[in-house]
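Sequence lines set the chain letters: A, B, ... in the order given, protein chains first and strands last, and positions in each chain run from 1.
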Amino acid sequence: GEDVEQSLFLSVREGDSSVINCTYTDSSSTYLYWYKQEPGAGLQLLTYIFSNMDMKQDQRLTVLLNKKDKHLSLRIADTQTGDSAIYFCAESPASKIIFGKGTRLHILP
Amino acid sequence: DGGITQSPKYLFRKEGQNVTLSCEQNLNHDAMYWYRQDPGQGLRLIYYSQIVNDFQKGDIAEGYSVSREKKESFPLTVTSAQKNPTAFYLCASSISGVHEAFFGQGTRLTVV
């Protein structure tokens, strides 16, 4: 079946790195995604990784993909107060997009 | 400006009434989706459509209906059969089912 799991909460001090982890079940997904949701708004695509890649870096964001373990992570370097949001991992098997429950990132001063 | 628009942002209805949520996109995307978001539940797929005049049920389709008569539009009707309709509803579109999805700003439906 299709399922995406991620922890619900993460607290990080401002300036530290945040690492949000995700596991997925469907190995046929061509792309895996990270989305960000701010309060009362829709989801915004942060980054994505093609399934034949191990790593992708985009400014402060680093995505790591372990296909063998079906594990995806998002690292945010130098976490800022503006990074406070809910982060969703998503997989895209067979014509639909399946989301995890989201990880709420809380920034400590 | 290209994008995906949901309207209205807030909607109130009395229990027992059907209500239709609008979703329009001018991105020329083939695929469109409806999700429901409840606190602590993440996004759950209600219906999706890969092409005009065709749509499939998602994980929680009961009590909902959709139509896809035009490529640009994918309205969602919340019927009186939906037992717990109060939620935040998100519409999305993508070039195809395996590409990134673009989201609208959501409609918060409250049924009293």
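For the set G102(A), S29(A), A41(A), the entry with the most heavy-atom pairs within less than 4.5 Å of chain B is A41(A).
When side chains are defined from C-beta on, Y31(A) does not count as touching E100(B), because their heavy atoms never get closer than 4.5 Å. In this structure, F88(A) and Q37(B) have side chains that are in contact, with non-hydrogen atoms separated by less than 4.5 Å.
For Y10(B), the OH atom is loosely surrounded, since the number of other residues' heavy atoms within 6.0 Å does not exceed 12. A 6.0 Å sphere centred on NZ of K70(B) holds no more than 12 heavy atoms belonging to other residues, nucleotides or ligands. No more than 12 heavy atoms of other residues, nucleotides or ligands shown are found within 6.0 angstrom of CZ on R104(A).
If you measure heavy-atom distances from L43(B) to chain A, the contacts under 4.5 Å come from both the backbone and the side chain. For a residue to count as touching a neighbouring chain, one of its non-hydrogen atoms must lie under 4.5 Å from one of that chain's; by this rule Q37(A) touches chain B with the side chain only. With a 4.5 Å cut-off on non-hydrogen atoms, L45(A) touches chain B through its side chain but not through its backbone.
By the criterion of side-chain heavy atoms lying less than 4.5 angstrom apart, applied directly or through intervening Ile, Leu, Val, Met, Phe, Trp or Tyr residues, L8(A) is not grouped with Y35(B); the two fall into different hydrophobic clusters. Grouping the Ile, Leu, Val, Met, Phe, Trp and Tyr side chains by contacts below 4.5 angstrom, directly or via other members, places V19(A) apart from Y87(A). Hydrophobic clustering, with ILVMFWY side chains joined whenever heavy atoms are under 4.5 angstrom apart, keeps L45(B) apart from M32(B). Under a hydrophobic-cluster definition in which Ile, Leu, Val, Met, Phe, Trp and Tyr are linked whenever side-chain heavy atoms come within less than 4.5 Å, directly or via other members, Y33(A) and M55(A) are assigned to different clusters. When the side chains of ILVMFWY residues are joined at heavy-atom separations under 4.5 Å, either directly or via intervening members, F99(A) and Y47(B) end up in two distinct hydrophobic clusters.
Near-neighbour residues of residues 102-112 of chain B relative to chain A, defined by a heavy atom under 4.5 Å from a heavy atom of that chain, comprise F103(B), G104(B), Q105(B).
The backbone N or O of I97(A) lies less than 3.5 Å from no partner atom in the side chain of Y48(B), so there is not a single donor-acceptor pair.
Every pair tested for ring-ring contact (aromatic ring centres under 6.0 Å, His included) that includes a residue from residues 7-26 of chain A fails, sequence neighbours excluded, so the list is empty.
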